[in-house]
Protein chains: 4
Amino acid sequence: MNREDKKRLTRQNVLNAAIELFAEQSYEATTITQITERAGIAKGTFFNYFANKEDLICDIQVIWAVEEVRRIKEQPGLLIPHIRYLIMQIDKFHASRQLMLAVNQGIISSPKAIRNQLEQIDELVKALTEVIEEGQRRGEFTSSLPAAMICEIAIQTYLGTRLYWSMGRGDSNLGTQMVVTFELFFKSIMA
Amino acid sequence: MNREDKKRLTRQNVLNAAIELFAEQSYEATTITQITERAGIAKGTFFNYFANKEDLICDIQVIWAVEEVRRIKEQPGLLIPHIRYLIMQIDKFHASRQLMLAVNQGIISSPKAIRNQLEQIDELVKALTEVIEEGQRRGEFTSSLPAAMICEIAIQTYLGTRLYWSMGRGDSNLGTQMVVTFELFFKSIMA
Amino acid sequence: MNREDKKRLTRQNVLNAAIELFAEQSYEATTITQITERAGIAKGTFFNYFANKEDLICDIQVIWAVEEVRRIKEQPGLLIPHIRYLIMQIDKFHASRQLMLAVNQGIISSPKAIRNQLEQIDELVKALTEVIEEGQRRGEFTSSLPAAMICEIAIQTYLGTRLYWSMGRGDSNLGTQMVVTFELFFKSIMA
Amino acid sequence: MNREDKKRLTRQNVLNAAIELFAEQSYEATTITQITERAGIAKGTFFNYFANKEDLICDIQVIWAVEEVRRIKEQPGLLIPHIRYLIMQIDKFHASRQLMLAVNQGIISSPKAIRNQLEQIDELVKALTEVIEEGQRRGEFTSSLPAAMICEIAIQTYLGTRLYWSMGRGDSNLGTQMVVTFELFFKSIMA
DNA sequence: AATGAATGAGGTTTCATTCAT
DNA sequence: AATGAATGAAACCTCATTCAT
């Protein structure tokens with residue numbers, strides 16, 4: 001194994017340790033010392049990979065699946081089934097309520113983390129808006145609202161469901177909760 | 001002014017100072033020292049009123065307007081207009097994005113704060129479910145979904161909009177953003 | 001003993017501990033932990049009195065005897081004897097070479113410390129320039145150089161002697177070294 | 001280019017990088033990591049050339065021009081013009097106030113650096129004392145003071161001027177400041 | 001009830017140095 | 001001879017909390 005591989009391994013090691021701890025306790029409660037102990041490395045090593053805890057949360061960032069969203073608009077026929085399918089995948093990435101709570105804590109914990117989060121949302125908005133526009137062109141979605149607005153409300157809906165679920169409410173499975181919630185949402189934007 | 005009044009005054013004084021600071025910086029960044037300095041009291045005095053910062057955020061809690069919700073189901077005719085009116089009132093309580101962000105940080109910052117928040121949500125769920133059941137009885141809302149579920153989704157929607165807005169997105173006015181979002185929501189639950 | 005007195009005592013306690021340590025090791029080598037241990041207080045207490053080590057060195061600052069300098073120009077007759085007397089007092093304040101070395105390290109250790117030092121020099125320059133002007137008026141000092149320039153060279157001479165001595169050279173007694181050095185200086189500025 | 005040349009080149013490379021950084025920030029603030037980055041070498045390589053930062057400051061040492069001083073006493077006629085000429089050359093080596101400040105910080109930063117500095121001063125004292133003795137023999141300098149003492153005061157004067165200037169005071173050009181200061185000094189030691 | 005100096009555990013971060021490659 | 005990832009001691013500093021006044 002060469003140096004590069006080893007570095008990647010150590011980095012992932014740190015990330016895994018952090019995720020574990022976030023899932024066990026919370027973002028705030030997790031200290032860098034705990035992370036390095038769990039990862040089995042020296043405290044100083046952490047700072048070779050991340051400038052601080054904020055920096056780390058950015059890397060743990062929920063995969064927003066922007067690529068998958070982009071691909072949807074190329075699909076023939078109805079778009080909603082494809083979106084629904086994507087939503088059902090969500091719980092693959094959202095292990096536990098505790099972890100999601102920690103992520104929610106993390107992304108609003110500091111101006112920097114928020115900025116990072118907004119950038120990711122921006123990208124998603126762009127990709128998703130195109131999908132909705134395509135849906136409007138095809139007559140699948142209502143055109144009574146601008147695509148951008150529908151898109152933002154969709155993201156709000158996603159965030160709200162995630163937050164609510166992470167606080168311990170809703171179906172025990174986040175995917176299920178998401179699907180139910182979005183069924184209602186789809187109904188409201190269908191032409 | 002008697003002793004009781006004076007105590008209530010000091011307590012409110014502390015709360016106001018905290019709200020100001022949360023709105024200026026953030027929940028985490030605000031220290032008890034800052035709060036007491038702003039309130040013009042000694043550090044030790046803080047602990048005569050609150051056990052700690054968590055305790056304090058519970059008192060700042062957004063007014064969930066449970067009372068107002070309860071009253072809605074007594075109204076004759078369509079219920080949605082009354083709900084819509086309530087929603088429009090929201091920005092009266094939600095001063096700035098910064099403050100809302102701080103509240104969002106606060107309510108998920110600790111198990112205790114979450115527990116407190118869940119209790120408040122529970123009460124709201126009870127009140128709102130009755131309203132929706134009433135709406136279903138009157139044929140205003142769809143009966144294809146249980147009232148409790150619709151209710152939870154409504155709260156998710158509220159939380160999501162608030163979180164999204166507090167992060168700096170959506171209409172500059174939270175009330176407007178809420179109204180637009182809920183128009184879509186109403187559409188999805190109308191019979 | 002009231003609170004104010006106690007505070008003053010603790011502060012002086014910290015300063016004494018710091019001076020001792022500076023004299024034993026050096027400015028850089030002395031840590032805040034050492035200072036608080038020596039002073040017999042908690043680490044946190046240090047920060048109730050000083051923002052950091054730089055802040056502390058400003059308080060240890062050599063007494064520049066600005067007041068005494070101001071008074072000189074009121075004296076009748078020759079001024080040099082009064083200046084010489086002041087210089088002889090210097091070693092009262094400059095205990096050991098080690099301590100002076102630490103002070104020299106401290107005053108140039110950071111931009112802030114330098115700024116503080118420059119302010120003190122400024123004041124001394126003002127006071128001393130007036131003395132020299134008075135000496136020029138009385139015909140005691142040469143008028144071939146502006147008083148301000150003579151004054152600056154005097155301070156340079158003081159600093160140089162102090163630095164040289166603190167490095168371990170010159171007479172074992174700083175006062176003696178100063179007096180000898182300034183005899184030569186006086187000779188050069190006499191009318 | 002053979003191996004020896006390459007080594008010398010790398011060493012100089014490191015020194016140059018250090019000088020640049022000292023001039024930009026300060027001695028203390030400059031880290032070995034910064035030096036190696038600036039020099040374009042690996043951190044580990046630094047330790048192949050210097051044991052540590054102290055070691056390095058010794059090599060940056062101001063050139064005390066001992067050789068030039070030695071040559072002065074061979075000159076016929078008055079010696080002062082030759083000394084004055086040497087002093088005027090000083091600012092050729094003393095680029096910026098910042099750099100001089102860093103040097104001043106460096107030479108008193110550790111016992112080892114001080115020892116090294118004292119050795120250099122010793123050599124200079126030897127050389128300069130001989131010059132002054134020669135001047136005394138020729139009747140150019142006063143004999144009322146031992147040559148060694150005059151010599152030490154001269155060095156004090158040099159150090160004081162350098163320190164004062166590096167702190168941001170005196171003429172913008174160090175050479176000018178030195179010349180003015182030493183004119184006064186010469187006056188005091190002329191027969 | 002109010003004060004605020006003292007506390008000290010515990011956090012983040014730095015950085016010279018080592019050593020396997 | 002050069003590399004740079006890993007180290008870990010040790011620095012600084014914060015801040016909720018206590019408690020004598």
Side-chain angles (χ1 to χ4, degrees), chain A residues 1-4 6-11 13-14 28-36 39-54, chain B residues 3-4 6-7 10-11 28-37 39-55, chain C residues 1-11 13-14 28-37 39-54, chain D residues 3 6-7 10 28-37 39-55:
Chain A
M1 190 163 49
N2 65 17
R3 245 185 205 190
E4 271 315 296
K6 236 177 174 173
K7 255 183 96 170
R8 219 169 305 126
L9 209 72
T10 305
R11 187 191 180 86
N13 189 11
V14 174
E28 280 304 330
T30 302
T31 69
I32 288 169
T33 305
Q34 287 178 332
I35 294 172
T36 56
I41 57 164
K43 216 186 298 192
T45 306
F46 178 91
F47 294 95
N48 290 341
Y49 291 89
F50 305 95
N52 43 47
K53 217 166 58 168
E54 290 172 31
Chain B
R3 195 172 266 204
E4 271 316 295
K6 228 176 171 181
K7 272 180 77 172
T10 304
R11 187 189 179 83
E28 280 303 330
T30 301
T31 68
I32 289 172
T33 304
Q34 287 178 330
I35 294 172
T36 54
E37 271 170 6
I41 59 165
K43 220 184 303 191
T45 308
F46 177 91
F47 295 94
N48 292 338
Y49 291 90
F50 303 93
N52 45 45
K53 211 164 62 163
E54 290 169 31
D55 224 67
Chain C
M1 190 164 52
N2 65 16
R3 245 184 208 194
E4 273 314 297
D5 285 341
K6 238 179 175 172
K7 255 182 98 170
R8 220 170 304 127
L9 210 73
T10 305
R11 188 191 179 84
N13 188 11
V14 174
E28 281 302 330
T30 301
T31 69
I32 289 170
T33 304
Q34 287 177 330
I35 294 172
T36 55
E37 272 170 6
I41 57 165
K43 213 184 306 191
T45 306
F46 177 91
F47 296 96
N48 290 340
Y49 291 89
F50 305 95
N52 45 46
K53 217 167 54 167
E54 290 171 33
Chain D
R3 194 173 267 199
K6 228 174 167 181
K7 272 181 77 172
T10 304
E28 279 304 330
T30 300
T31 68
I32 289 172
T33 304
Q34 287 178 329
I35 294 171
T36 55
E37 271 171 6
I41 59 165
K43 220 185 301 192
T45 308
F46 178 91
F47 296 94
N48 291 338
Y49 292 90
F50 303 94
N52 46 44
K53 213 166 59 166
E54 290 170 32
D55 224 67

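Throughout, protein chains are lettered first and strands after them, A, B, ... in sequence-line order, and every chain is numbered starting at 1.
- Separating the NZ atom of Lys53(C) from the C1' atom of dA10(F) is a distance of 12 Å, rounded to the nearest angstrom.
- Here the CZ atom belonging to Phe46(A) is positioned 13.5 Å from the OG1 atom belonging to Thr10(A), to the nearest 0.5 angstrom.
- Looking at Phe47(C) and Ile32(C), their side chains come closer than 4.5 Å, going by heavy atoms from C-beta outward.
- We find that CZ of Arg11(A) is positioned 12 Å from P of dA6(F), with the value rounded to whole Å.
- Tyr49(C) has no side-chain polar atom (N or O) that falls below the 4.0 Å cut-off from OP1 or OP2 of dA5(E).
- The closest side-chain heavy-atom distance from Thr45(A) to Thr36(A) is not below 4.5 Å.
- What separates CD1 of Ile32(C) from P of dG11(E) is a distance of 20 Å, to the nearest Å.
- Shortest non-hydrogen contact noted between Lys53(C) and Glu28(C) is NZ-O, 3.5 Å.
- In this structure, the CG atom of Asp5(C) is 14 Å from the P atom of dT21(F), given to the nearest Å.
- Across dA16(E), dT14(F), dT17(F), the shortest atom-to-atom separation from the side chain of Phe47(C) is found for dT14(F).
- Atom CD of Glu54(A) is separated from atom P of dT12(E) by 11 Å (rounded to the nearest Å).
- Nucleic acid contact class of Lys7(A) (heavy atoms, under 4.0 Å, all strands): sugar-phosphate only.
- Closest to the Ala42(A) side chain, of the nucleotides dT3(E), dG8(F), dT13(E), is dG8(F).
- Nucleic acid contact class of Ala51(D) (heavy atoms, under 4.0 Å, all strands): sugar-phosphate only.
- When distances run from any side-chain atom of Asn52(B) to the nucleotides dA20(F), dT7(F), dT17(F), the shortest one goes to dT17(F).
- Distances were taken from every side-chain heavy atom of Thr10(A) (C-beta onward) to each of dC15(F), dA6(F), dT12(E); the shortest belongs to dA6(F).
- Regarding Gln34(A), its CD atom lies at a distance of 11 Å from the C1' atom of dG11(E), rounded to whole Å.
- The phosphate of dA5(E) (OP1 or OP2) has no side-chain N or O of Asn48(C) nearer than 4.0 angstrom.
- Partner assigned to dT21(F) is dA2(E), using Watson-Crick or G-U wobble distances below 3.5 angstrom.
- Map Ala29(A) and Phe46(B) each onto its nearest nucleotide of DNA chain E; the residue landing nearer the 5' end is Phe46(B).
- Nearest to the side chain of Thr31(B), among dT12(E), dA16(F), dT17(F), sits dA16(F).
- Pair check for dG8(E) finds dC15(F); Watson-Crick or G-U wobble, both atom distances under 3.5 Å.
- One finds the CD atom of Glu37(B) at 7.5 Å from the OG1 atom of Thr31(B) (value rounded to the nearest 0.5 Å).
- For the pair Glu28(B) CD and dT12(E) P, the computed distance is 12 Å after rounding to whole Å.
- Taking only side-chain nitrogens and oxygens, Thr45(C) comes nearer than 4.0 Å to OP1 or OP2 of dT7(E).
- Rounded to whole Å, the distance from NZ on Lys43(C) to C1' on dT12(E) is 13 Å.
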